[in-house]
Structures are given as structure tokens and as C-alpha cells.
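Here's the structure, in C-alpha cells; my notes come after.
For ligands, and for the atoms within them, numbers begin at 1 and follow the listed sequence. Model, not experiment: these values are computed from the prediction.
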Amino acid sequence: MITNELKIQLFDKAKTMLNFSYAPYSHFHVGAALLTKNGKIYTGCNIENAAYGPSNCAERTAFFKAVSEGILKFDAIMVVGGPNGKIKDYCPPCGVCRQVMMEFCNPDEFKIFLAKSKDDIVEYTLKELLPLGFGNADLNK
Ligand code: THU
């Protein structure tokens with residue numbers, strides 16, 4: 001059970017990451033806060049590149065920080081973003097990030113929180129945002 005207090009903590013951390021977003025090309029700043037199953041929070045921001053293709057989303061930055069430290073189990077992620085770092089609307093994860101979530105998370109249980117403010121947070125499971133996702137179990141079928 002993720003309490004409202006914890007959701008707000010995730011929102012605050014994700015929002016703070018907007019300050020570190022490196023987005024000189026799109027000027028669209030994104031911040032993420034990833035909650036691990038042992039209660040730790042890994043943060044991330046988007047990191048763009050002059051060659052465009054190597055750019056990394058905030059969600060994947062958070063996942064890769066955690067996985068690179070041996071953390072592989074996750075409960076939820078909060079994502080916020082907007083033009084020039086101003087949150088105007090929900091910022092749903094891109095398809096590539098949903099697939100990365102699929103690698104490490106149970107799609108029925110992993111929660112994706114999107115927020116316009118601390119008082120306007122919506123919640124989806126990974127399965128809702130990635131129906132019939134391809135995962136490691138499919139390799140053995
Ligand atoms: N972006 C993210 O970091 N996460 C999302 O959920 C959507 C898009 C980034 C990628 C790129 O740096 C910028 O936002 C505009 O697409």
C-alpha cells in the first residue's frame with residue numbers, strides 16, 4: 001500500500017529532478033522518482049544529446065541508476081514533466097520506457113503515477129499502459 005504521504009514524497013523528488021534535466025534541444029524537462037521494493041527512492045531526469053538518438057528519458061535514468069547498483073525489484077514510479085520544466089499536464093512514459101519497466105516489474109502490480117501537482121496524481125498499472133507486453137517469460141514459450 002502506497003500512502004498519500006509517500007506519493008507526495010515521490011512527487012516532490014520527481015519535481016526536484018526537473019532542475020537537473022538536460023534538455024537543450026526539446027526544452028521539455030522530465031523528472032522521475034522510482035520506488036524500490038525495499039523502500040528506497042532512485043531519481044532520474046532526461047538527458048539529451050546533440051545526435052538526438054542517444055538521449056535518455058527520466059524513467060530510464062532512474063531505472064538504470066538502480067539496476068547498476070544491484071536493485072532489481074520495484075513497486076512504483078512517479079513521472080512529471082513539461083515545457084521548460086513547467087508542469088502543465090500529465091507526462092506519460094514513452095514506449096521504450098514502458099518496455100524497460102516490463103523487464104524488471106510485474107505488469108499487474110507495478111504502479112505508474114503521473115501528476116500535475118501534489119493534489120492531482122493519477123495512477124496506472126504497467127499492464128494498463130503496456131497491454132500484452134513482451135517479457136522474459138515469452139522467450140520460453
Ligand atoms: N521524455 C522523458 O524523459 N520521459 C517521458 O516520459 C517522455 C519524454 C523526454 C525525452 C526527451 O528528452 C524529451 O522528454 C522530449 O521528448
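Summarising the local packing, OH of Y124 is surrounded by 12 or fewer heavy atoms from other residues, nucleotides or ligands at distances under 6.0 Å. Within 6.0 Å of the NZ atom in K118, the count of heavy atoms belonging to other residues, nucleotides or ligands does not exceed 12.
Counting atoms of ligand 1 from 1 in the listed order, those under 4.0 Å from a heavy atom of C57 are 1 (N), 2 (C), 3 (O), 4 (N), 10 (C). Within the listing of ligand 1, atoms 1 (N), 2 (C), 3 (O), 4 (N), 9 (C), 14 (O) sit less than 4.0 angstrom from a heavy atom of V30. Of all atoms in ligand 1, numbered sequentially from 1 with element shown, those under 4.0 Å from a heavy atom of P93 are 6 (O). Residue contact check: E59 has heavy atoms under 4.0 Å from atoms 2 (C), 3 (O), 4 (N), 5 (C), 6 (O) of ligand 1. Less than 4.0 angstrom separates some heavy atom of E48 from each of these atoms of ligand 1: 11 (C), 12 (O), 13 (C).
Within the 4.0 Å cut-off (strictly below), no protein heavy atom is located near atom 16 (O) of ligand 1.
Summary of contacts: the protein heavy atom closest to atom 9 (C) of ligand 1 is N46 ND2, 3.6 Å.
In terms of N/O distances under 3.5 Å, ligand 1 is approached by A58.
The residues K141 and D138 are annotated as salt-bridged, a charged nitrogen and a carboxylate oxygen being separated by less than 4.0 angstrom.
Within the 4.0 Å heavy-atom criterion, the part of S26 lying near ligand 1 is the side chain and not the backbone. Of the heavy atoms in P92, only backbone atoms (N, CA, C, O) come closer than 4.0 Å to ligand 1.
Between L34 and F74, the closest side-chain pair of non-hydrogen atoms falls below 4.5 Å.
Of the N and O atoms on the side chains of S55 and N49, not one donor lies less than 3.5 Å from an acceptor on the other residue.
Remark: the backbone N or O of T16 is paired with a side-chain donor or acceptor of N19 at under 3.5 angstrom. E109 contributes no side-chain N or O that, together with a main-chain N or O of L126, makes up a donor-acceptor pair within less than 3.5 Å.
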Fill in: Check against salt bridge (charged side-chain N to carboxylate O under 4.0 Å, His left out), R98 and E59
CA-CA 9 Å; R98 294 177 200 200; E59 298 90 320; over 6 Å; no
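For C91, the closest heavy-atom approach to ligand 1 falls below 4.0 Å.
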